Number of protein chains: 2
Amino acid sequence: MSQRGGTTLLEHALLGLLYEKPSSGYDLRKIFATTSMGSFSDSPGAIYPALRRLERKGFVQSRAQAGSGRRRQVVSLTDQGTAELRNWIAQPVTQQEIMSELREFMLRFALSESVGGPAVSVELLSGLKQELKAVLSSLRDQQKALKPYLPLSGSLALESGVRGHEGLLEWCEHALAAYESAADR
Amino acid sequence: MSQRGGTTLLEHALLGLLYEKPSSGYDLRKIFATTSMGSFSDSPGAIYPALRRLERKGFVQSRAQAGSGRRRQVVSLTDQGTAELRNWIAQPVTQQEIMSELREFMLRFALSESVGGPAVSVELLSGLKQELKAVLSSLRDQQKALKPYLPLSGSLALESGVRGHEGLLEWCEHALAAYESAADR
DNA sequence: TCGCTCATGTAAATAGTTACATGATTCC
DNA sequence: GGAATCATGTAACTATTTACATGAGCGA
């Protein structure tokens, strides 16, 4: 189930949220449930096991909240967990990642600034830009080659893919510009 | 594992390919491996079991290719399989489907014209358009609400989502126009 | 004959899904 | 006291992944 070295996308999302602040499993579930965060699962059967996996790996530690009211297990990042998060975010962008809908990229990028600073964000963006160009040109080749054999709906579907990536490239340049002008100030 | 009624996205993709022409598991694998078809798995451990599931459900039947050379198990759609495909394609578009990256929508749409005719394609497009507008406005609300609390990379990531959906809306109108002008001729 | 590609499959492991279980606490 | 919600978890099931196994035909 796509564990590139043993840590899931969901697990990285959890690490990212815990980086902001220590939380309980229930808190995390609610974040996924309400904010449509890249559409992760908010089911307890996904989150609680994932948290325990992270604990087993030494990336988080959980302790019962002292004293007050309800039973609550607060989970927080360890140094090792922070390191893992930092490392995962700074990974170079691959074409495969772009083809498989780039949920992973967007999560990494969204976290990059808080966790690694703007230089990491910019690095990711320029990596994306480069790989995107390659993907786009091969996508356009495929489109040209297949067009005559497809029904209108088929070639329109392909076109939506190409347009999507073109739009992404524009966004990428926009984002780079935003970082540049932020640096000027 | 997201089986809305028992049939996977991969399984539907296989049905779609078999609708075009009967093929062996190996053929299908190669299609996934070479054409980056929405990025489905080309692993035998995914495809052969999926084909057997489809057979169990009565959607396909497989027979050894007669005579010649290499061993080859050719799989073809049954009437029941065609019905399932047709039915799945014509399902209304949901917001949830849009949020979860619309791989499913695009597959349905790509197949819609061959399997159901242009009217079905147009129906899907106008369904998408309508739901997209709803999704977009709630997305923009969320963006506005969260912006002040996020680092630049976070709000840029959100913006990429919004832009992506805006681009999709444009594509949607473009596609509708294409069908209109095709109907005129 | 040696190696490559064709072609089909199995096995173990894992993550995620749905659904259920269980208590404690707050609100009325 | 009763209902809703907080909060954590488990159990059964399924699809997919990686990796391996096997054998047949093809080209040099």
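Both backbone and side-chain heavy atoms feed into the values below; hydrogens, waters and symmetry mates do not. From a predicted model like this one, the values you see are computed outputs, not experimental measurements.
The distance between atom CD of B:Q96 and atom P of C:dT17, rounded to the nearest whole Å, is 11 Å. B:Q73 places its CD atom 15 Å from the C1' atom of D:dA24, with the value rounded to the nearest Å. Regarding A:D27, its CG atom lies at a distance of 16 Å from the C1' atom of D:dG9, rounded to whole Å. Whole-Å rounding puts the A:K30 NZ to D:dA7 P distance at 7 Å. The nearest whole Å value for the distance from the NZ atom in A:K57 to the P atom in C:dT14 is 10 Å. To the nearest angstrom, P of D:dT8 lies 13 Å from CG of A:L14. Protein atom CG of A:L28 is 12 Å distant from nucleotide atom P of D:dA7, rounded to whole Å. Rounding to whole angstrom units, CG of residue A:L10 and P of D:dT16 are separated by 18 Å.
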Practice prompt. Show the numbers, then the answer: is there a salt bridge (charged side-chain N to carboxylate O under 4.0 Å, His left out) between A:K57 and A:E11?
Written response: CA-CA 11 Å; A:K57 293 174 198 164; A:E11 283 169 31; 2.6 Å; yes

Item to complete: Show your reasoning for whether side-chain contact (heavy atoms from CB on, under 4.5 Å) applies to B:V60 and B:L14.
Response: CA-CA 10 Å; B:V60 305; B:L14 291 170; over 6 Å; no

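Of the side-chain N and O atoms in B:R72, none sit less than 4.0 angstrom from OP1 or OP2 of C:dG9. Phosphate contact (OP1/OP2 of D:dT5, side-chain N/O of A:R29, threshold under 4.0 Å): absent. In this structure, B:Y26 reaches the C:dC6 phosphate: one of its side-chain N or O atoms is under 4.0 Å from OP1 or OP2.
In this structure, A:W88 has its ring center at least 6.0 angstrom away from the ring center of A:Y19.
Of all the residues in residues 41-51 of chain B, B:P44, B:G45, B:Y48 reach under 4.0 Å from DNA chain C with at least one non-hydrogen atom.
Among D:dT16, C:dT8, C:dG16, the nucleotide with an atom closest to any side-chain atom of A:R53 is C:dG16. Across D:dT8, C:dA15, D:dA15, the shortest atom-to-atom separation from the side chain of B:T8 is found for D:dA15.
Within the 4.5 Å cutoff, the side chain of A:T94 has no heavy atoms near those of the A:E131 side chain. No side-chain heavy atom of A:L17 sits less than 4.5 Å from a side-chain heavy atom of A:F40. Looking at heavy atoms from C-beta onward, A:L156 lies in side-chain contact with B:H174 at the 4.5 angstrom threshold.
Mapping A:R56 and B:S24 onto DNA chain C by nearest heavy atom places B:S24 at the nucleotide closer to the 5' end.
The backbone N or O of B:F32 lies less than 3.5 Å from no partner atom in the side chain of B:T35, so there is not a single donor-acceptor pair.
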